[in-house]
Trainee: 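Right, I'll just put the structure down here and ask away after.
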Amino acid sequence: MNNEIKKLHGGKRLNAGRKAGSGKYGEPTSVVRVPESQKTKIVSYLSDYQDRMNILTSSNIDSIVPSALNPVSLALPLFTSKVRAGFPSPADDHVEKRLDVSEYLIQQADATFFVTITGDSMRDAGLLSGDKAVVDRAKQASVGDIVMAVIDGEFTIKTLGKTKTGAPRLIPANPDYPVINITEEMSFEIWGVVTGSFRRF
């Protein structure tokens, strides 16, 4: 009788426990025994591994294309009238000036390149997946700038910030993504400052 009760109530319940892949590592885990003397090293390794996975998740650059060194000038009318929809009046007195898009977006052609955004980690800054971001390598990055950086061989675009200790940090413009705090163990370089973006509808 006791054995029957154990069979009825024992064992793993259907759908019980944590959902596979829902932990902080994003994949199934298992319990292992480790030497007490190695516990600190293993915990540190797992922490570094998680940071690495956060960086890979935050990587949001699909391709890099240099800008034309001698872009063709194409100045089009810039109308002063502001419209919600439709087309502004073509009358001459509404034309403020002629605007060259290349001149407007690019300050230093030989130091500028375009990158294609992928993902939505910079969504709230107006950088959407498929947009072309304009990156100027000659511009000095300051706190608050949107920058293109490379961390341990992975490119990403984020807002440059600083911790209380003065260490750099990269801040996404989407609360679903983690802030990346740069540590001494990481290979880190700012490649340029994002000065604009454009998209085709």
Trainee: With distance as the sole test, does Asp145 use its side chain to make a donor-acceptor pair with the main-chain N or O of Val147 at under 3.5 Å?
Mentor: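 It does not hold such a pair.
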Trainee: Would you check if Asp120 and Leu128 make a side-chain contact, meaning some heavy-atom pair closer than 4.5 Å?
Mentor: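 Counting from C-beta outward, Asp120 and Leu128 never come under 4.5 Å.
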Trainee: As a quick check of understanding, evaluate side chain to side chain contact (heavy atoms under 4.5 Å, CB included) for Arg169 and Ile180, giving each step before the final call.
Mentor: CA-CA 6 Å; Arg169 64 198 318 233; Ile180 302 173; over 6 Å; no
Trainee: Looking at Gln140, I want to see if its CD is surrounded by more than 12 non-hydrogen atoms of other residues, nucleotides or ligands under 6.0 Å.
Mentor: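 No, not enclosed.
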Trainee: Determine which pairs satisfy salt bridge (charged side-chain N to carboxylate O under 4.0 Å, His left out) with at least one residue from residues 190-201, sequence neighbours left out, and list them in order.
Mentor: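 Only Asp131-Arg199 qualify under salt bridge (charged side-chain N to carboxylate O under 4.0 Å, His left out).
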Trainee: Do Phe155 and Ile157 make a side-chain contact, defined as non-hydrogen atoms from C-beta onward lying under 4.5 Å apart?
Mentor: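 Side-chain contact under 4.5 Å: no.
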Trainee: Could you report the tightest heavy-atom contact between Val143 and Gly161, atom names first, then the distance?
Mentor: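 For Val143 versus Gly161, the nearest heavy atoms are CG1-CA, 4.2 Å.
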Trainee: Using every non-hydrogen atom in the two residues, find where Ala125 and Ala173 come nearest and quote the distance to one decimal.
Mentor: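 Answer, listing the atom of Ala125 first, then Ala173: N-CB, 3.6 Å.
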Trainee: Would you check if Asn181 and Thr163 make a side-chain contact, meaning some heavy-atom pair closer than 4.5 Å?
Mentor: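 Yes; the side chains approach each other to less than 4.5 Å.
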Trainee: Would you check, one step at a time, whether the test side-chain hydrogen bond (donor to acceptor under 3.5 Å, both in side chains) holds for Lys139 with Thr195?
Mentor: CA-CA 9 Å; Lys139 188 175 177 63; Thr195 57; over 6 Å; no
Trainee: Looking at every non-hydrogen atom in both residues, tell me the closest pair between Pro175 and Asp124 and how far apart they are.
Mentor: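 Shortest heavy-atom contact: CD-OD2, 3.8 Å.
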Trainee: Between Thr159, Ile171, Leu170, which is the residue that forms a side chain to side chain contact (heavy atoms under 4.5 Å, CB included) with Ile146?
Mentor: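 Filter result, single survivor: Thr159.
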Trainee: With Ser129, which residues qualify under side-chain hydrogen bond (donor to acceptor under 3.5 Å, both in side chains), at least two apart?
Mentor: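 Ser129: no side-chain hydrogen bond (donor to acceptor under 3.5 Å, both in side chains) contacts found.
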Trainee: Could you tell me which non-hydrogen atom of Pro172 sits nearest to which non-hydrogen atom of Lys158, and how far apart they are?
Mentor: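 Looking at all heavy atoms of both residues, the shortest contact is CA-CD, 3.6 Å.
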Trainee: Between Arg137 and Trp191, is there a donor-acceptor pair closer than 3.5 Å when you use the side chain of the first and the backbone of the second?
Mentor: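 Yes, the answer is positive, given that a donor and an acceptor are paired below the 3.5 Å cut-off.
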Trainee: Which pair of non-hydrogen atoms, one from Thr112 and one from Val134, has the smallest distance, and what is that distance?
Mentor: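 Where Thr112 meets Val134 most closely, the heavy atoms are CG2-CG1, 3.6 Å.
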Trainee: For a quick check under 3.5 Å, do Ser197 and Lys132 share a side-chain donor-acceptor pair by atom type?
Mentor: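 Their side chains do not contain a donor-acceptor pair, so the 3.5 Å distance test is not met.
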Trainee: Does any N or O in the side chain of Asp136 come within less than 3.5 Å of the main-chain N or O of Val193, such that one atom is a donor and the other an acceptor?
Mentor: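 Not confirmed, Asp136 side chain does not pair with Val193 backbone.
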Trainee: Is Ile106 close to Phe114 at the side-chain level, that is, under 4.5 Å between some pair of heavy atoms?
Mentor: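 When only atoms from C-beta onward are counted, Ile106 and Phe114 do touch, with a gap below 4.5 Å.
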